[in-house]
Amino acid sequence: MAGGIRDNHGDDLQENHEINVTPFIDVMLVLLIIFMVAAPLATVDVNVDLPASTATPAQRPDEPLYLTVKDDLSLNIGNDAVAREQLAATLERVTEGDRETRIFLRADKAVDYGHFMEVMNLLRDAGYLKIALVGLESVPGAAPAVPATTATPAAGGVPGATP
C-alpha cells in the first residue's frame with residue numbers, strides 16, 4: 001500500500017536516523033545572499049589626489065631633462081613642444097644617445113592615469129628607464145600644498161629603474 005499502515009497503534013513514533021539538511025541549505029542560501037551584498041561594499045573606492053609628495057627630494061642634476069605632459073595631453077621636453085611620434089628621436093638628440101640620462105616626468109593633475117602610463121611606456125620603449133616623477137613638496141601631515149613655481153623630483157621612479 002502507498003500510505004503505510006502502522007501495525008503498532010501506540011503513541012510512540014518510529015525513530016528517523018536521517019539528517020534533515022533543509023536548515024543547512026537555508027543557512028547556506030542566507031550566507032550566499034549576505035556575501036553577494038557585502039562583496040561590492042568591500043572594494044576600495046577612494047578619490048586620490050597624488051601630485052603632492054612628502055618624499056625627500058632626490059638630488060637634481062645641473063641641467064635636468066624635464067618631460068611634461070600638459071592637461072591637453074601634449075608633450076614638452078624642456079620648453080619645446082614635441083609630438084608623441086617624435087618623442088624617441090627628440091630624446092635621442094637631446095641626450096646625445098645616453099640612455100642612462102634621468103628623465104624628470106611631470107604631469108598636470110588633469111591628466112588621467114592611463115595617458116600618464118602611455119607616456120611612461122613611450123619612454124620605456126625608447127630605452128629610457130631612469131624616470132623620476134616630479135611633484136610639489138608638502139609638509140608631512142599638512143594640507144595639500146598650494147601650487148608653487150618650483151617643483152622637486154620625488155624620490156623613486158618606475159619599477160626596474162635604478163635610482
Side-chain angles (χ1 to χ4, degrees), residues 1-60 66-76 83-85 87-88 91 99-148 151-163:
M1 296 193 147
I5 299 174
R6 285 200 262 171
D7 293 335
N8 181 351
H9 294 296
D11 290 335
D12 57 342
L13 297 174
Q14 184 179 358
E15 288 184 24
N16 186 359
H17 296 286
E18 297 174 4
I19 297 174
N20 185 3
V21 295
T22 304
F24 297 120
I25 293 172
D26 291 344
V27 168
M28 293 306 236
L29 288 175
V30 168
L31 288 174
L32 177 68
I33 292 170
I34 289 171
F35 287 126
M36 287 174 56
V37 170
L41 299 176
T43 59
V44 177
D45 188 20
V46 178
N47 293 330
V48 178
D49 188 15
L50 293 177
S53 173
T54 59
T56 308
Q59 290 208 343
R60 195 180 314 181
Y66 285 102
L67 175 61
T68 305
V69 183
K70 297 193 322 187
D71 57 351
D72 61 352
L73 303 180
S74 63
L75 300 176
N76 284 26
R84 286 179 188 260
E85 301 80 25
L87 180 63
L91 284 172
R99 301 252 193 270
E100 295 298 312
T101 303
R102 184 175 305 277
I103 298 175
F104 293 92
L105 181 60
R106 58 186 180 176
D108 192 278
K109 282 185 182 183
V111 175
D112 66 319
Y113 192 70
H115 288 98
F116 186 75
M117 288 305 298
E118 286 177 16
V119 173
M120 289 184 71
N121 287 333
L122 288 173
L123 289 171
R124 186 195 58 207
D125 293 342
Y128 293 92
L129 300 178
K130 290 189 173 184
I131 302 169
L133 304 178
V134 178
L136 297 176
E137 283 185 327
S138 66
V139 179
V146 176
T152 58
V158 295
T162 56

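The basis for the numbers below is simple: all heavy atoms, side chains too, and nothing from hydrogens, waters or symmetry mates.
Summarising the geometry, atom CG belonging to Asp71 is positioned 12.0 Å from atom CG belonging to Asp112; distances are rounded to the nearest 0.5 Å. Here the CG atom belonging to Asp108 is positioned 13.0 Å from the NE2 atom belonging to His115, to the nearest 0.5 angstrom. With values rounded to the nearest 0.5 angstrom, Arg106 atom CZ is found 13.0 Å from Leu133 atom CG. Distance CE/Met117 to CG/Leu122: 11.0 Å, rounded to 0.5 Å. Distance check: Ile103 CD1 to Leu87 CG gives 7.5 Å after rounding to the nearest 0.5 Å. Here the CG atom belonging to Leu129 is positioned 11.0 Å from the CZ atom belonging to Arg102, to the nearest 0.5 angstrom.
In terms of the salt bridge (Lys or Arg N to Asp or Glu O under 4.0 Å) criterion, Arg124 has no residue partners (sequence neighbours excluded).
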Q: Evaluate side chain to side chain contact (heavy atoms under 4.5 Å, CB included) for Leu32 paired with Met28, printing each intermediate quantity in order.
A: CA-CA 6 Å; Leu32 177 68; Met28 293 306 236; over 6 Å; no
Q.
Between Leu75 and Thr68, is the side chain to side chain contact (heavy atoms under 4.5 Å, CB included) condition met? List the steps.
A. CA-CA 6 Å; Leu75 300 176; Thr68 305; over 6 Å; no
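Annotation: Ile19, atom CD1; neighbour count of heavy atoms from other residues, nucleotides and ligands within 6.0 Å does not exceed 12.
Between the side chain of Arg99 and the main chain of Lys130, no donor-acceptor pair closer than 3.5 Å is present. Judged by distance alone, the side chain of Tyr128 and the main-chain N or O of Leu91 form a donor-acceptor pair under 3.5 Å.
Smallest separation of non-hydrogen atoms from Arg84 and Leu73: NH2-O, 3.1 Å.
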